[in-house]
Novice: 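Structure in structure tokens, see below.
Chain naming here is simple, since letters A, B, ... match the order of the sequence lines and numbering starts at 1 in each.
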There are 2 protein chains.
Amino acid sequence: MVTKQLSGLPEDADLRRADSLAREIFSDVANKWALLIIEALGERTLRFSELRTEVEGISHKMLTQNLRMLERNGLAVRKVHPTVPPRVEYTLTEPGQALRATVDLICGWTHQHLSHIESARRRFGS
Amino acid sequence: MVTKQLSGLPEDADLRRADSLAREIFSDVANKWALLIIEALGERTLRFSELRTEVEGISHKMLTQNLRMLERNGLAVRKVHPTVPPRVEYTLTEPGQALRATVDLICGWTHQHLSHIESARRRFGS
DNA sequence: CTGCATCCGATCAGATACTG
DNA sequence: CAGTATCTGATCGGATGCAG
């Protein structure tokens, strides 16, 4: 699949590095705000302030922080228009879009199982 | 779709309650440990101690906490065998299985885009 | 408008110890 | 083995103020 190494061990090291990287990405992405931002962006391009209102409940700080993370991982691109006042737009990249598709499924799952979960909670006693 | 109310406003109230419930469930589920536990359980039944080694890096405390949450939301069932030493097994319910399918997709996505993300990080400068 | 820094309280998460 | 409780440090997350 990938370029083979000639010496004996390096490919194992590569696997381990890939695993830890995967875990790191998973941790970055598997959090409430990141997923909600990705869901909000969807197919469109949104400004910082639009995202602020779109992803309701998110604070200025968390929005900035998560957008930086998405940009760093190449899931979203940040485009600055040199106007005054400044205008900054965020768009999902192709990998970002692909991830959004799976987030959509989670949202669908949530609504589909609302009543089951609600009754499970009543049974659980809280 | 669902039972209509006769008076004017209650259905709106229902919608708002459902939305806030959906957000709550989303927050419960959209976190690293919960998703990793769901992924580990997969189709099989696992003991507490097995889960502890299976989802690596998780602490005793976080495992307990997240298992209670999954149980409360009806995503997993907890079966206690009254033996000595005690034996407690966890299994995903049907809704849990459905969610796991989407988590699988996220895992697939992660590995599929590893190299893209790795190079994006280099470009980003860290 | 967007972004960064700071302060501060709340929550998270690990380590440890103790029960059935 | 499984679970609970407690203590402690780390991180999260909101509010505010300031800069480009």
Novice: Is there a side-chain contact between B/Leu67 and B/Leu51 (heavy atoms, below 4.5 Å)?
Specialist: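 Counting from C-beta outward, B/Leu67 and B/Leu51 do come under 4.5 Å.
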Novice: Write down the distance between NE2 (A/His81) and P (C/dG3), rounded to a whole number of angstrom.
Specialist: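 Value for this atom pair: 13 Å.
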Novice: To the nearest 10°, give me the bend of the helix from C/dC1-D/dG20 to C/dG20-D/dC1, comparing the axes of its five terminal pairs at either end.
Specialist: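 Both end axes considered, the difference amounts to 40°.
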Novice: Any side-chain heavy atom of B/His113 sitting closer than 4.5 Å to one from A/Glu94?
Specialist: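 Result yes, sub-4.5 Å side-chain heavy-atom pair found.
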Novice: Counting only side-chain nitrogens and oxygens, does A/Arg47 get under 4.0 Å of the OP1 or OP2 atom of C/dT2?
Specialist: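 For A/Arg47, the contact criterion (side-chain N or O under 4.0 Å from OP1 or OP2 of C/dT2) is met.
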Novice: D/dA2 C1' sits how many Å from B/Glu50 CD, rounded?
Specialist: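 Answer to the nearest Å: 13 Å.
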Novice: Is the shortest side-chain heavy-atom distance between B/Tyr90 and B/Ile37 below 4.5 Å?
Specialist: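 They are not in contact (no side-chain heavy atoms under 4.5 Å apart), so the answer is no.
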Novice: Please check the phosphate of C/dT2 (OP1 and OP2 only) for any side-chain N or O of A/Arg87 closer than 4.0 Å.
Specialist: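 Checking C/dT2 against A/Arg87, no side-chain N or O comes under 4.0 Å of OP1 or OP2.
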Novice: To the nearest Å, how far apart are A/Leu63 CG and C/dG3 P?
Specialist: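 The answer, rounded to whole Å, is 8 Å.
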Novice: For A/Tyr90 and C/dT2, is the shortest distance between a side-chain N/O and OP1 or OP2 below 4.0 Å?
Specialist: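 No, no such contact exists.
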Novice: Is the shortest distance from a Lys or Arg side-chain nitrogen in A/Arg23 or B/Glu39 to a carboxylate oxygen in the other one below 4.0 Å?
Specialist: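 Salt bridge between A/Arg23 and B/Glu39, a charged N being under 4.0 Å from a carboxylate O: no.
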Novice: Is the phosphate of C/dT2 approached by A/Ser49 (side-chain N or O, under 4.0 Å from OP1 or OP2)?
Specialist: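 So the side chain of A/Ser49 is within the cut-off, an N or O lying under 4.0 Å from OP1 or OP2 of C/dT2.
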Novice: Looking only at heavy atoms, which two atoms of B/Arg121 and A/Arg72 are closest? And how far apart?
Specialist: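 In this case the closest contact between B/Arg121 and A/Arg72 is CZ-NH2, 3.4 Å.
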Novice: Rounded to the nearest 0.5 Å, how far does CG of A/Leu41 lie from CD1 of A/Ile38?
Specialist: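 Rounded to the nearest 0.5 Å, the CD1-CG separation comes out at 8.0 Å.
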Novice: Among B/Val55, B/Asp28, B/Asn31, B/Leu35, which one satisfies side-chain contact (heavy atoms from CB on, under 4.5 Å) with B/Asn66?
Specialist: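 Testing B/Asn66 for a side-chain contact (heavy atoms from CB on, under 4.5 Å) against B/Val55, B/Asp28, B/Asn31, B/Leu35 leaves exactly one candidate, B/Asn31.
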Novice: Can you give one letter per nucleotide of nucleotides 4-20 of chain C, going 5' to 3': B for a protein heavy atom under 4.0 Å from the base, S for sugar-phosphate only, - for none?
Specialist: B-BB-----BBB----B
Novice: Just so I know, are the side chains of B/Met62 and B/Lys32 near enough to count as touching, which here means a heavy-atom distance under 4.5 Å?
Specialist: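 The answer is no, as the side chains (C-beta and beyond) never meet within the 4.5 Å cut-off.
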Novice: Is A/Glu50 paired with A/Arg44 through a side-chain N to carboxylate O contact shorter than 4.0 Å?
Specialist: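 Looking at A/Glu50 together with A/Arg44, the answer is no, because their closest N to O distance does not fall below 4.0 Å.
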Novice: In whole angstrom, give the distance that lies between atom NZ of B/Lys79 and atom P of D/dC1.
Specialist: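 Distance, rounded to whole Å: 21 Å.
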